[in-house]
Peer 1: 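First the structure, then my questions, so here it is.
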Number of protein chains: 2
Amino acid sequence: MANRCETCAVRHRSLCGALEQKEVERLSQISRRTTIPAGKAIVAEGDKAVFVANILSGTVKLTRSLEDGRRQIVGLQFPSDFLGRPFRTHWSVQAEAVSEVELCQFDRKQFEQMITDFPTLEQRLLARVLDELDRIREWLFIVGRKTAAERVASLLVMIADREHDAGCGSSLHETVVFDLPISRSEMADCLGLTIETVSRQMSQLTAQGAIDLRNSRSVHIPDLQRLRRIGGLAVDPAAI
Amino acid sequence: MANRCETCAVRHRSLCGALEQKEVERLSQISRRTTIPAGKAIVAEGDKAVFVANILSGTVKLTRSLEDGRRQIVGLQFPSDFLGRPFRTHWSVQAEAVSEVELCQFDRKQFEQMITDFPTLEQRLLARVLDELDRIREWLFIVGRKTAAERVASLLVMIADREHDAGCGSSLHETVVFDLPISRSEMADCLGLTIETVSRQMSQLTAQGAIDLRNSRSVHIPDLQRLRRIGGLAVDPAAI
DNA sequence: CGATTTATTTGACCTAGATCAACGACGCCG
DNA sequence: CGGCGTCGTTGATCTAGGTCAAATAAATCG
């Protein structure tokens, strides 16, 4: 049964924000909510692409891996992000629920039809994909050329930015507190490092006073600009 | 003055392949050809985005860099590829001509209008950006988790695929000969390695008989599948 | 609540690739 | 043709981060 989009937590931040009341209704008719428990794969590399989805809550990781166990997280997605690949028949990455995830799924074919019918939707999707491309290029740079310390700092800043995704600048030297959605092992897989190195760098950052861990998942950043500097990031938060 | 798209070398492979005769005419009216000499920057990180373009000939590298000289190539673009970022006011990467490059430029704003007016164009652009996203995710994986030998092999395969971009499978164990568009230093910047390591790995691959260098730029790959295997790539060429 | 399992931290040591340093091979120009 | 600058190769050494191992610390379960 169609769900009521008016009460959707990500109604305006997600793709659907592009749509008028009437259009949303049509979209809601092809949507279906699903909940995926933490740690479960949503789709595997090579799976047929039968759906696309908006993330309503939770965190999703996109990974590529080799048979020998090497693994790289190639995307982290948060509530209101779009998950999936219109106009492709198969998934090129594995998508896995990091925490429990709620999705608003659409049949891929029907969604493609919607895109074709509603240019505003397509335009918004395009803008999103382009943003994603920018972010992943930044990411490639980090993984390709930065030191372990810089990588860990950069990841923390990135997650901080996306968690309280007000993001946009506000004051310099701002304080941020948040829970890491991912484990040390997942941090390592984001950064092309090992768990041990990530852990050592977290300890190092703590020792420097750049972060403060109340427990291993709860991060307090007393001065975001400072952490940006440690990460070798532009001090001006890259405008989304 | 408008150029005649009918004679365009990349007319059908590029974005414009989506357009009807009449639409192409309109597009051609806002297009302008430029030639950029080898080694020259096309735009710098942070530049105002005044245009987007199709690449007619030559190779373009997209780079991010740090003040201390560390540099990462985050994209390599070939003829028929689309260069630029609609709906963004500034460039987030530097674009530089690797070889002499011919562009077919469009005013960004006008191009955005075209996108809005011609959904087929937008859809084709979307598909392209999604492809680019897939490729760069693969790339992130390579840089994050693969050994130097695997990285170099992967890069050669990737370039071989894109150079004679018939690409699509044909026979197994196929032979490929091509000229590297990029220097050792640029290969290193693609892979997050140093020149020396790239050079050593090229020598290693030559010693193994996996490649054959007639000169430092001219690569002969006697068995593409074998090189794929060395690079830890799926043997089935990832469908474009 | 104690037992067990799983995540994280820390330490000791090792290695892939970086760095430093020649050296050879082309092209270019006078 | 010979000097010179750039690019690529190769060798010797060093080091950031990996690997292996052990000690906490936190979560799960009966």
Peer 1: What is the separation between atom CD1 on Ile195(B) and atom C1' on dG11(D), rounded to the nearest whole Å?
Peer 2: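 The distance from CD1 of Ile195(B) to C1' of dG11(D) comes to 16 Å, rounded to the nearest Å.
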Peer 1: Which residue, Ser185(B) or Gln201(A), contacts DNA chain D at a nucleotide closer to its 5' end, judged by nearest heavy atom?
Peer 2: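 Upstream on the strand: Ser185(B).
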Peer 1: State which residues pass ring-ring contact (aromatic ring centres under 6.0 Å, His included) with Phe106(B); sequence neighbours excluded, sorted by chain then number.
Peer 2: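 Expected list: Phe111(B).
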Peer 1: Using a heavy-atom cut-off of 4.0 Å to chain B, what are the terminal contacting nucleotides of DNA chain C, in 5' to 3' order?
Peer 2: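 Contact span on the strand: dG17(C) to dC20(C).
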Peer 1: Distance check needed: dG17(D) P versus Arg70(A) CZ, whole Å only.
Peer 2: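 Rounded to whole Å, this separation is 19 Å.
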Peer 1: For dC7(D), take OP1 and OP2 only and decide whether either is under 4.0 Å from a side-chain N or O of Ser183(B).
Peer 2: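 Answer is no, no contact under 4.0 Å.
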Peer 1: Testing Val157(B), Ile159(B), Leu224(B), Leu227(B) for side-chain contact (heavy atoms from CB on, under 4.5 Å) with Val176(B), which one passes?
Peer 2: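 Among Val157(B), Ile159(B), Leu224(B), Leu227(B), the one that satisfies the side-chain contact (heavy atoms from CB on, under 4.5 Å) with Val176(B) is Leu224(B).
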Peer 1: Polar pairs (N or O, both sides) under 3.5 Å between protein and nucleotides 20-28 of chain D?
Peer 2:
from, atom 1, to, atom 2, distance (Å)
dC20(D), N4, Glu196(A), OE2, 3.1

Peer 1: Taking only side-chain N and O atoms of Thr197(A), does any of them lie within less than 4.0 angstrom of OP1 or OP2 on dG17(D)?
Peer 2: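 For dG17(D), OP1/OP2 do not have a side-chain N/O of Thr197(A) under 4.0 Å.
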Peer 1: Who passes side-chain hydrogen bond (donor to acceptor under 3.5 Å, both in side chains) against Gln105(A), sequence neighbours left out?
Peer 2: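 Only Arg32(A), Thr34(A) meet the side-chain hydrogen bond (donor to acceptor under 3.5 Å, both in side chains) criterion with Gln105(A).
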Peer 1: What are the residues of residues 146-156 of chain A, sorted by number, that bring a heavy atom to within less than 4.0 Å of DNA chain D?
Peer 2: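 DNA chain D contact set from residues 146-156 of chain A: Thr147(A), Ala148(A).
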Peer 1: Apply side-chain hydrogen bond (donor to acceptor under 3.5 Å, both in side chains) to Arg151(B) and list each qualifying residue two or more places apart in sequence or on a separate chain.
Peer 2: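 Not a single residue meets the side-chain hydrogen bond (donor to acceptor under 3.5 Å, both in side chains) criterion with Arg151(B).
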Peer 1: Mind jotting down which residue pairs meet the side chain to side chain donor-acceptor pair (under 3.5 Å) criterion with at least one end in residues 189-198 of chain B? Sequence neighbours excluded, please.
Peer 2: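 Pairs touching residues 189-198 of chain B that pass the test: Arg145(A)-Asp189(B), Thr194(B)-Thr197(B).
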Peer 1: Tell me which donor-acceptor pairs under 3.5 Å the side chains of residues 206-214 of chain A have, and how far apart each pair is, sequence neighbours excluded?
Peer 2:
from, atom 1, to, atom 2, distance (Å)
Thr206(A), OG1, Met202(A), O, 2.8

Peer 1: What's the angle between the local helix axes at either end of the helix from dC1(C)-dG30(D) to dG30(C)-dC1(D), using five pairs per end and rounding to 10 degrees?
Peer 2: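 Rounded to the nearest 10 degrees, the bend comes out at 40°.
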Peer 1: Here's a test of your reading of the structure: between Arg145(A) and Arg184(A), which maps to the more 5' nucleotide of DNA chain C?
Peer 2: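 Checking each residue's closest nucleotide, the 5'-ward one belongs to Arg184(A).
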Peer 1: Test of understanding: with salt bridge (Lys or Arg N to Asp or Glu O under 4.0 Å), list the residues that count as partners of Glu150(B), not counting sequence neighbours.
Peer 2: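 So Glu150(B) forms a salt bridge (Lys or Arg N to Asp or Glu O under 4.0 Å) with Arg70(A).
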Peer 1: Can I get a per-line list of side-chain donor-acceptor pairs under 3.5 Å for residues 178-185 of chain B, giving both atom names and the distance, sequence neighbours left out?
Peer 2:
from, atom 1, to, atom 2, distance (Å)
Ser183(B), OG, Ser185(B), N, 3.4
Ser183(B), OG, Glu186(B), N, 3.1
Ser183(B), OG, Glu186(B), OE1, 3.3
Arg184(B), NH1, Ser216(B), O, 3.1
Arg184(B), NH2, Ser216(B), O, 2.9

Peer 1: Which pairs, with at least one residue in residues 37-54 of chain A and sequence neighbours excluded, count as a salt bridge (charged side-chain N to carboxylate O under 4.0 Å, His left out)?
Peer 2: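 Applying salt bridge (charged side-chain N to carboxylate O under 4.0 Å, His left out) to every pair that reaches into residues 37-54 of chain A, excluding sequence neighbours, yields Glu45(A)-Arg64(A).
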